[in-house]
Amino acid sequence: VAIEGKIEGDADLRIAGKFKGDIQIKGDVNIEKGAHLSAKIHAVTVTIGGELEGNVVASAQVKMLESGQLIGDLKATTLTVAAGSGMRGHVEFGWSESQAAKFVNGRVHETGKTGTGQ
């Protein structure tokens with residue numbers, strides 16, 4: 001079964017087939033081994049056991065299982081990566097919003113500091 005579209009909801013979601021589109025879940029998303037997704041995912045926790053092409057934003061955790069493959073960017077509070085999984089893309093994890101605001105283009109951004117620097 002192949003499904004294309006948008007999935008939104010407040011419950012958990014488990015995908016074991018093919019899906020293309022957007023997923024916005026106020027719960028957990030579990031991508032089963034053998035699943036193939038081309039999607040943007042926003043959820044609390046995302047577990048990747050299949051193949052995903054697209055960006056992931058998790059407010060809590062992303063778990064890359066041994067069979068998981070991700071091509072895309074990932075942003076989460078915590079990240080767990082199993083040996084054997086693969087990813088190609090940009091990763092951000094372990095930063096609160098206030099901590100992330102201190103960095104601009106990969107450099108420390110200091111605000112409110114005055115002086116000549118000498």
Side-chain angles (χ1 to χ4, degrees):
V1 175
I3 299 172
E4 186 171 338
K6 185 173 187 176
I7 299 174
E8 294 179 331
D10 295 334
D12 296 340
L13 174 67
R14 182 177 150 257
I15 298 178
K18 293 182 180 180
F19 176 79
K20 181 178 182 179
D22 293 334
I23 300 172
Q24 293 188 9
I25 296 292
K26 294 178 183 170
D28 301 340
V29 174
N30 191 352
I31 301 168
E32 299 288 325
K33 182 178 181 179
H36 299 275
L37 279 75
S38 178
K40 289 187 271 181
I41 300 176
H42 285 75
V44 176
T45 298
V46 179
T47 302
I48 302 171
E51 296 177 11
L52 171 61
E53 184 174 341
N55 297 335
V56 176
V57 176
S59 59
Q61 181 178 27
V62 172
K63 299 176 190 173
M64 292 287 298
L65 303 181
E66 183 178 323
S67 57
Q69 301 291 314
L70 171 62
I71 298 174
D73 295 343
L74 182 153
K75 184 175 183 179
T77 303
T78 61
L79 173 64
T80 303
V81 180
S85 62
M87 183 189 164
R88 183 179 304 141
H90 179 80
V91 177
E92 290 184 42
F93 70 94
W95 299 97
S96 68
E97 290 298 323
S98 62
Q99 288 173 319
K102 293 179 185 176
F103 292 88
V104 177
N105 296 326
R107 294 184 165 188
V108 175
H109 179 69
E110 298 180 31
T111 58
K113 225 176 179 185
T114 59
T116 61
Q118 295 178 351

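Quantities reported herein were computed from a predicted structural model and do not represent experimental measurements. Keep in mind that the numbers below use all heavy atoms, side chains included, and drop hydrogens, waters and symmetry copies.
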Revision key, fill the gap. Here the gap from S38 atom OG to K18 atom NZ, rounded to the nearest 0.5 Å, amounts to 12.0 Å

Practice item. Find the distance between CG (D22) and CD (E8) and round it off to the nearest 0.5 Å. Key: 8.5 Å

Review point. Under 3.5 Å, is there a donor-acceptor pair between the side chain of D12 and the main chain of G27?
Key: no

**Study point:** Gap separating the NZ atom of K33 from the CD atom of Q69, nearest 0.5 angstrom
**Key:** 11.5 Å

Exercise for review: Look at the side chain of T77 and the backbone N and O of Q61, then say whether any donor-acceptor pair between them is shorter than 3.5 Å.
Suggested key: no

**Study point:** Nearest heavy atoms of M87 and G72, plus distance in Å
**Key:** CE-O, 3.3 Å

Review point. Among the clusters formed by ILVMFWY side chains lying less than 4.5 Å apart, do I3 and I31 turn up in the same one?
Key: yes

Review point. What pair of heavy atoms forms the shortest contact from L70 to G54, and how long is it?
Key: CD1-O, 3.4 Å

Exercise for review: Verify the cluster assignment for I7 and I48: are they in a single hydrophobic cluster under the rule of side-chain heavy atoms below 4.5 Å apart?
Suggested key: yes

Study note, to complete from the structure: d(L79 CG, L74 CG) to nearest 0.5 Å is 5.5 Å

Point to revise | Least distance between heavy atoms, A43 atom then V29 atom | key: CB-CG2, 3.6 Å

Check your understanding: Can you tell me how far CD1 of I15 sits from CD1 of I41, rounded to the nearest 0.5 angstrom?
Key -> 6.5 Å

Check your understanding: Do L37 and I23 come within less than 4.5 Å of each other through their side chains, counting heavy atoms only?
Key -> yes

Revision key, fill the gap. Smallest heavy-atom separation, F19 atom then G5 atom, equals CZ-O, 3.4 Å

Check your understanding: Honestly curious: do M64 and L13 fall in one hydrophobic cluster under the side-chain, below-4.5 Å linking rule?
Key -> yes

Review point. Between I25 and V56, is there a shared hydrophobic cluster once you connect ILVMFWY residues whose side-chain heavy atoms come closer than 4.5 Å?
Key: yes

Review point. Short question: side chain of D73, backbone of H90 - any donor-acceptor pair under 3.5 Å?
Key: yes

Review point. Could you give the distance from CD (E32) to OG (S67), rounded to the nearest 0.5 Å?
Key: 9.0 Å

Exercise for review: Indicate if V57 and V81 have the same hydrophobic cluster label, given that clusters are the connected sets of ILVMFWY residues with side-chain heavy-atom separations under 4.5 angstrom.
Suggested key: no

